[in-house]
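In what follows, a single structure is set out as C-alpha cells and then discussed.
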2 protein chains.
Amino acid sequence: MPNIREVAKRAGVSVATVSRVLNHPERVSPQTKDRIDKIMVEMDFSPNVFARSLNLKRSNSIALIIPDIQNPQNMEIARGVERVAHQKGYNLLLCNTEKDREKEQSYIRMLMEKKIDGIILAFTLLLQADFDEIQKKNIPIILFGQNVLKKNISSVYSDFKEGAFIAVSHLIELGFKRIAYICGGEDHLENRDKTLGYKEALLKAGDKVSEEMIFQGKDDIDSGYLAALKLLKQTPRPDAVFVANDLMAMGAIDALRTEGIRVPEDISIIGYDNIKMSALIEPKLTTVSWPVYKMGLISARILIEEVENSGDVKMTQNIFLSPKLKIRKSCGHEARVSEIFD
Amino acid sequence: MPNIREVAKRAGVSVATVSRVLNHPERVSPQTKDRIDKIMVEMDFSPNVFARSLNLKRSNSIALIIPDIQNPQNMEIARGVERVAHQKGYNLLLCNTEKDREKEQSYIRMLMEKKIDGIILAFTLLLQADFDEIQKKNIPIILFGQNVLKKNISSVYSDFKEGAFIAVSHLIELGFKRIAYICGGEDHLENRDKTLGYKEALLKAGDKVSEEMIFQGKDDIDSGYLAALKLLKQTPRPDAVFVANDLMAMGAIDALRTEGIRVPEDISIIGYDNIKMSALIEPKLTTVSWPVYKMGLISARILIEEVENSGDVKMTQNIFLSPKLKIRKSCGHEARVSEIFD
DNA sequence: TACAGTTTTACAATCATTATTAAAATTGAT
DNA sequence: ATCAATTTTAATAATGATTGTAAAACTGTA
C-alpha cells in the first residue's frame, strides 16, 4: 500500500503534483496527468482516506436512522437512500433504533463523533433538545416523514393526517357506520397525525368519535393481531376498521380469519402504506399508498446537496408528497356500492 | 470542537497523558485520570476519529453486502448484524448490490479503499479472482450462506441442498407424483444447491427428473407469479411445486388464485425461508425455515472477533446451521394423509 | 533572445492522534 | 538522607494527504 510520496518519487514529480492530479486534474497538463494516472494504477495506489478526511474534515459517508428494520416501508427508504448514496460515491451507515429513543440518541452521539457528513432521520423520536445538539455541530440532517417544520432543517414528508382522512372518508362513503381504528405507537408523530385524520373524517361526516373504537397497536404484525382480537369483543361490533399500517392490517386480518370473521363480508379493513405484500393476501388489501422509495431517493439527493454546498448559504427545502387511496378488495367496494343502492 | 492539545493545556499535562487516559487508563494515576476525565466532559471533547484512524489504521466500521434489500431474508441478516455491530461499538455500512456483480465489485473496491475493518458477504456473486484481491489486502471477511469452504475464509451457512431435499421429500411422502420446481437465479450458488437437492430427492424416491418441470424465477414475487403461469401450461399439470423461496411462492400462489386454481386442493406449494409473511397468506405456507437472524448475529460476532484479534494467528471458523421443515397448510397435509389411507 | 504565460517544484504547515523512548517523580527500604 | 525500583509524565516522531507560497522550469511567439 504505497503512499503519495512513493508515487511522486516513481513519477519523478513532487507530491504536490500528484495531489493535484487527484484533486484538481484541470490544473495539471494532460501529459503529466496521464503519466501519473498510469503510474498510480501500476502501483495500485489509492489515497489514504483517513489522512484525506483528517485534512478535509469529511468522511464521504451519510447515515440513515430508521426505527424498525423489519418494517418493509423502512427498507424502502433505505433502498432509495442507498441507491443515490452509492451513485454519488457515498457510503451509507445503517442505524436501526428498534424504536428505542436511547439507542437513537446513542447513534446520534456516535455519528457526531464519527463526523458523519449528513444524517437522514426517519420517524425520529428525538426531542427539540437533541436537535439543538445536532445543529450545534453543524451536521446537515434531513427529517423524513415528519410533518413538523423545524427551522433550518430540510424535510421530506407525506401528510399522514391527510392519508388517514382519505382512508376513513372512503369507509364512510361506502356506508360504514361503526368504524374502528387500530393505531400505531403514539410516541411516533406520524401515528398521532393518523389519529387526527381518523377523527377529523368522522367529525366531518357528522359521526361521533368514540375512544372505545380506538385500539392501540405497536406497528408490527403481532400487535395488529392482538388489537383485532380486542376489537371483536366490542359491542356492537365494528363494521370497518382503519389500520394505521399494512403490517398491522395483515395481522388483524389473520386474527379475524382465525376467529371465523370474513373480510370484507363481515368487517371491512383498510390499511396504510401499500407494501408489496398487501396485494398478495386474501382479500387483497385496500390501503393508502405514499411514495416511500421515491422519498428515500429525494432525501438522499437533497442531503448530499447540502453536504456538498455547505459553504454556500444554506437552502432549507421542505418537500411534500401526497398519499393516495389504493382500492382493492378488503372493503368490499363493489358489494357495498350495490348495497348502498338497495 | 477542541482537540487533545487544548485539553492537555487546560489540564496542565502533556498530550501523551491525555491520550493515555483515553487508551490505556490503567497506565495513568487515578487522580490525574479523574481530573482529565472531568476536563474532557467540561470541554465537550471527543477524540477526532480521522486522526485516530490514521494512526491506528482501523475505521471501527464493518460492511454488510447483500444482493437484495427488498428480500426480507436479507433484512433479517442486516438486523442481526446491526445489533451486534452497534453493541460492540462498530458502525455498519450497508451495501445493496441489486444482484449486480459489477456493483458488488465496485462496493468491494470502495470498501478496500475506505480501509473497512471487515466485510460480511452474503450470497456473493464474486469469483475466485475477486477473493484473491481481498485477501491480498488482508481484510477479514465472512461468507454468509455460501456452502463452499474457502481456504482461510470463515463462513456461516445453512445447507440449502439439504433444505430442498427435505422439502421435496416431504412432497413425495405426501404422495405427489408430478412435482415441479420454481428455482431462483442460477448465478447464485445457494439456488444451484437447491436444484441439486430437488433432483436428489426425486432420484432417491425413484422418480425421474424432467427439465420441463423446472421453471426459472428470479427470486422475487413477480418472477414467482410468472413462473406459476408457465407451469400451468404444462400437461399433465404438476400436482405440487417446490418454490425456491417464499417470496416467489407468494407470487405463485397469487397467480394460481387469479387463474382459479386452488391451493392446496388442486396444487400443493412448498416454499423456502419461512419469512414472517408466509404465515399470513391464505393458505398458510408450508416452507423450510433456517435461522437467518441468528446467523446474522453469529456472522457479526465472528467477524469482529477476527478484526480485534488480527494480531494473533488466524482461526478460520465454518459455522453450520441446519434447515427445518415448517409444515402449515399449503401442501394440504391433513387432507392428503387421509387420501393416502383411502 | 526576450518575454509572457503556463506548469511544476520545493518546502513548510496543517490536521489530531498514538507509540516510543527517555526523563522525571514518587515510593519504600535501608 | 540515599538509593533502587517503580510509577507517572514529557517530548518527539510517525501516520499520509492537502494546501499555499515563492521560486524555477518549461512552453511558444515575436
Side-chain angles (χ1 to χ4, degrees), chain A residues 1-37 39-40 43-61 89 112-117 137-138 308 310-311, chain B residues 1-37 39-40 43-61 89 112-117 137-138 308 310-311:
Chain A
M1 37 214 94
N3 62 23
I4 197 173
R5 231 161 319 131
E6 294 170 48
V7 174
K9 192 187 284 175
R10 173 88 144 258
V13 299
S14 75
V15 288
T17 307
V18 180
S19 173
R20 235 174 300 112
V21 169
L22 255 19
N23 302 289
H24 309 284
E26 75 284 356
R27 312 203 153 238
V28 115
S29 75
Q31 304 95 288
T32 44
K33 180 187 173 321
D34 285 355
R35 194 162 56 85
I36 293 176
D37 274 340
I39 290 174
M40 289 195 297
M43 298 180 75
D44 190 23
F45 165 82
S46 62
N48 182 301
V49 281
F50 300 144
R52 174 176 254 168
S53 288
L54 177 58
N55 213 311
L56 266 30
K57 298 162 191 341
R58 318 194 296 112
S59 61
N60 253 271
S61 4
M112 292 195 307
E113 284 188 8
K114 196 123 205 160
K115 299 195 187 330
I116 199 86
D117 292 346
K137 302 263 177 178
N138 235 23
E308 298 187 342
S310 59
Chain B
M1 40 217 92
N3 62 23
I4 197 172
R5 229 164 320 130
E6 293 171 48
V7 176
K9 193 187 285 174
R10 174 89 145 254
V13 299
S14 77
V15 288
T17 306
V18 180
S19 171
R20 234 172 305 108
V21 169
L22 255 20
N23 303 288
H24 309 284
E26 74 286 356
R27 315 208 149 236
V28 107
S29 74
Q31 304 95 290
T32 44
K33 178 186 175 318
D34 284 356
R35 195 162 54 85
I36 293 177
D37 274 341
I39 291 176
M40 290 195 297
M43 299 180 74
D44 190 24
F45 165 82
S46 63
N48 181 300
V49 282
F50 300 145
R52 172 175 259 170
S53 289
L54 176 58
N55 207 303
L56 264 31
K57 299 162 189 344
R58 320 193 295 112
S59 60
N60 253 270
S61 5
M112 292 195 306
E113 283 188 8
K114 197 121 203 162
K115 300 196 189 321
I116 199 87
D117 292 346
K137 303 263 177 178
N138 236 24
E308 298 188 342
S310 61

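These numbers come from the heavy atoms of this one structure, side chains and all, not from hydrogens, waters or symmetry mates. Just so we're on the same page: letters track the sequence lines, and every chain starts at 1.
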Rounding to a whole Å, what distance do you find between [X]:[atom1] and [N]:[atom2]?
X	N	atom1	atom2	result
B:N55	C:dT18	CG	C1'	4 Å
B:R20	C:dT20	CZ	P	12 Å
B:Q31	C:dT26	CD	P	11 Å
A:K57	C:dA16	NZ	C1'	9 Å
B:F50	C:dT14	CZ	C1'	15 Å
B:N23	C:dT20	CG	C1'	14 Å
B:R27	C:dT26	CZ	P	20 Å
B:R5	C:dT18	CZ	P	13 Å

Nearest 0.5 Å, what's the [atom1]-[atom2] distance between [X] and [Y]?
X	Y	atom1	atom2	result
A:S61	A:I116	OG	CD1	4.5 Å
A:S53	A:N60	OG	CG	7.0 Å
A:N48	B:K114	CG	NZ	11.5 Å
A:R10	A:R35	CZ	CZ	12.0 Å
A:N23	A:L56	CG	CG	7.0 Å
B:I4	B:K9	CD1	NZ	14.0 Å

Open item on the list: Quick check on C:dT7: is either OP1 or OP2 less than 4.0 Å from any side-chain nitrogen or oxygen of A:T17?
Closed with: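 It does not, given that no N or O in the side chain of A:T17 lies less than 4.0 Å from OP1 or OP2 of C:dT7.
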- [ ] Could you say whether B:T32 or A:V15 is positioned toward the 5' end of DNA chain D, judged by the nucleotide with the nearest heavy atom to each?
- [x] B:T32
Task: First encountered from the 5' end of DNA chain D, between A:R52 and B:S29 - done: B:S29
Task: Nucleotide interval of DNA chain D bounded by contacts with chain B (heavy-atom cut-off, under 4.0 Å) - done: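 Answer, 5' to 3': D:dT8 to D:dG16.
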Scan [X] against the nucleic acid and name what it touches under 4.0 Å (heavy atoms): base, sugar-phosphate only, or nothing.
X	result
B:V28	sugar-phosphate
A:V13	sugar-phosphate
B:S53	nothing
A:V49	nothing
B:N48	sugar-phosphate

- [ ] Look at the side chain of B:A16 and decide which nucleotide, out of C:dT18, C:dC11, C:dA19, has an atom nearest to it.
- [x] C:dA19
- [ ] Before giving the answer on side-chain contact (heavy atoms from CB on, under 4.5 Å), spell out for A:L22 and A:F45 the whole-Å C-alpha distance, their side-chain angles and the decisive distance to 0.1 Å.
- [x] CA-CA 11 Å; A:L22 255 19; A:F45 165 82; 4.0 Å; yes
